[in-house]
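Each remark here refers to the structure printed beneath this line.
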Amino acid sequence: MDEAELYGDRIETIHWNGNGTARAGEIPNQGLLARVSRFGRTIGRATADTGNPLAVVVEDMLGPLEALINGRRTLMFGTNSYLGLNHHPACISAANAAAQHFGTGSTASRVASGNHRLHMNLEESLARFFGRRQAIAYSTGFMANLGIISGLCAEGDAIFIDDHSHASIYDACRLSGASVSRFRHNDAADLDRLFRASPVPGDRIMVVVEGLYSVWGDLGDLPAILKVAKRHGAITAVDEAHSLGIYGARGRGAAELMGVEDLCDLIIGTFSKSLGGIGGFCVTNAPELDALRYASRPYLYTASLPPPVVASTIKALELIDAEPERRQKLLASAKVFHAKLSEVGFQLTSPGGPVGGVKLHGIKRGNQFWRRLLDEGVYVNLLVPPATPNREVIARYSLSSLHEPWMLDKAIECFVAAGKATDVL
Ligand code: PMP
């Protein structure tokens, strides 16, 4: 199976554009369905021997980082629970109490009856946590990017994004109608080149970068990139989805770690990783952003966050503040894990943060390695093109502050066994 055939750019253009003209039970458009069914068959063939890495079922949770998968006890090295807060008793009891009092869901948008006191409390907590004047919460991190980027930028504006940006940033750019240009990953000189070539004035340009890039696992070069953006008068947005709670003295993310929070106009993030819930946010000092609530369609036209999630997220923010030892342990484990993988001979993508990848050299071998590792009792994410830079196939691992040394050792043993069995090592 050729990778281009399986994961070519073509699949990025699949959209579910049902045209709504067919009667009930009729297939609305043979062509579109035929295309997606061809795609499904290709995936089926490519994963016939190994099982589909994108369709794993967690049959049960046996502990915060142990699950039942394919009937066997499996160590989880592919969650985004960096601080283990989705299992913290205080977060669980906050969620329980909110469900008892406010119900399981808000059943309405923030601009209708879904604007509970809890939502206001959450935004106040976020603003306080980041030391910013305002915060806006969205129902997912994906929607925060869609809402903020497409709410601020429009036709005639320009957006410059890092080549390794998350899909939600790409989609937000498309939705905005602005012209979009990518600069080479973490390359401030290439960003500068985009500015110099652009006919759009600096104050109509947004630069979007990430604090920690989760495919490669490397930190954004925020000082260099944000300085270039500011020199040209652009608005800057930093997505701290994977770095929130982990980096910086107070856990505010990569910008805090690097001392460049002042250069970030907008900090975007998610509740679905270190905060252990679901939802997204943007914090800023720009008072203008409050009006975005009435111009941001992913805020206006979707139900607000469920009260239990809001309550657990508020508690999780408090814990990030109160328990820095969680992030210290995570970073120490990440260093050990990375060093051991590298010592035994794996080629790694990242310099050793809480998320990283082992290069697997091709889809077939990648699938085999991933499956063998699962059979050994360790779950990781298999990342394939076009979700990866340079068409790499990667076993992406992510660590948690709840990983104990024995778990790290066991995982390394299993990585080695899988690597030897599939010629990755
Ligand atoms: N931004 C980045 C950089 C991400 O990595 C992700 C999730 N992988 C998101 C946004 C989307 O977050 P959510 O899962 O909360 O929608």
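Every number for a ligand or one of its atoms is a count from 1 in the order of the listing. Model, not experiment: these values are computed from the prediction.
- Counting heavy atoms under 4.0 Å from ligand 1, residue K273 touches it through the side chain alone.
- Annotation: atom 16 (O) of ligand 1 to nearest protein heavy atom, F142 N, 2.9 Å.
- The nearest protein atom to atom 1 (N) of ligand 1, hydrogens excluded, is given as D239 OD2, 2.6 Å; this is a heavy-atom distance.
- Between R132 and D265 there is no salt bridge, since no side-chain nitrogen of the basic residue lies less than 4.0 Å from a carboxylate oxygen of the acidic one.
- Contacts of D321 classified as side-chain hydrogen bond (donor to acceptor under 3.5 Å, both in side chains), with partners at least two apart in sequence or in another chain: R250.
- The pair E123-R293 meets the salt-bridge criterion, since a charged nitrogen lies less than 4.0 angstrom from a carboxylate oxygen.
- The aromatic rings of F281 and F271 sit parallel to each other, their planes meeting at less than 30°, with 60° as the upper class boundary.
- The pair K329-E325 does not meet the salt-bridge criterion, since no charged nitrogen lies less than 4.0 angstrom from a carboxylate oxygen.
- The salt bridge (Lys or Arg N to Asp or Glu O under 4.0 Å) contacts involving residues 75-84 comprise nothing, where partners must be two or more places apart or lie in separate chains.
- Interface of S272 with ligand 1, defined as ligand atoms under 4.0 Å from a residue heavy atom, comprises 13 (P), 14 (O), 15 (O).
- Annotation for ligand 1: atoms under 4.0 Å from non-hydrogen atoms of E210 are 3 (C).
- Distances below 4.0 Å separate heavy atoms of G141 from the following atoms of ligand 1: 11 (C), 12 (O), 13 (P), 15 (O), 16 (O).
- Atoms of ligand 1 found under 4.0 Å from any heavy atom of S168 (numbered from 1 in listed order, with element): 1 (N), 10 (C).
- Contact check on R184 versus D163 returns no salt bridge, with no Lys/Arg side-chain nitrogen under 4.0 Å from an Asp/Glu carboxylate oxygen.
- Here the heavy atom of the protein found nearest to atom 5 (O) of ligand 1 is H242 NE2, 2.9 Å.
- The distance from ligand 1 to the heavy atoms of A241 drops below 4.0 Å at these ligand atoms: 1 (N), 2 (C), 3 (C), 4 (C).
- A salt bridge links D190 to R193: at least one charged side-chain nitrogen sits closer than 4.0 Å to a carboxylate oxygen.
- In terms of protein heavy atoms, atom 9 (C) of ligand 1 is closest to H166 CE1, 3.5 Å.
- Residue T140 approaches ligand 1 through these ligand atoms, each under 4.0 Å from one of its heavy atoms: 16 (O).
- With salt bridges taken as basic N to acidic carboxylate O contacts below 4.0 Å, one links R231 and D192.
- At a heavy-atom distance under 4.0 Å, only side-chain atoms of N145, from C-beta outward, approach ligand 1.
- Scanning all protein heavy atoms for the shortest distance to atom 15 (O) of ligand 1 gives T270 OG1, 2.6 Å.
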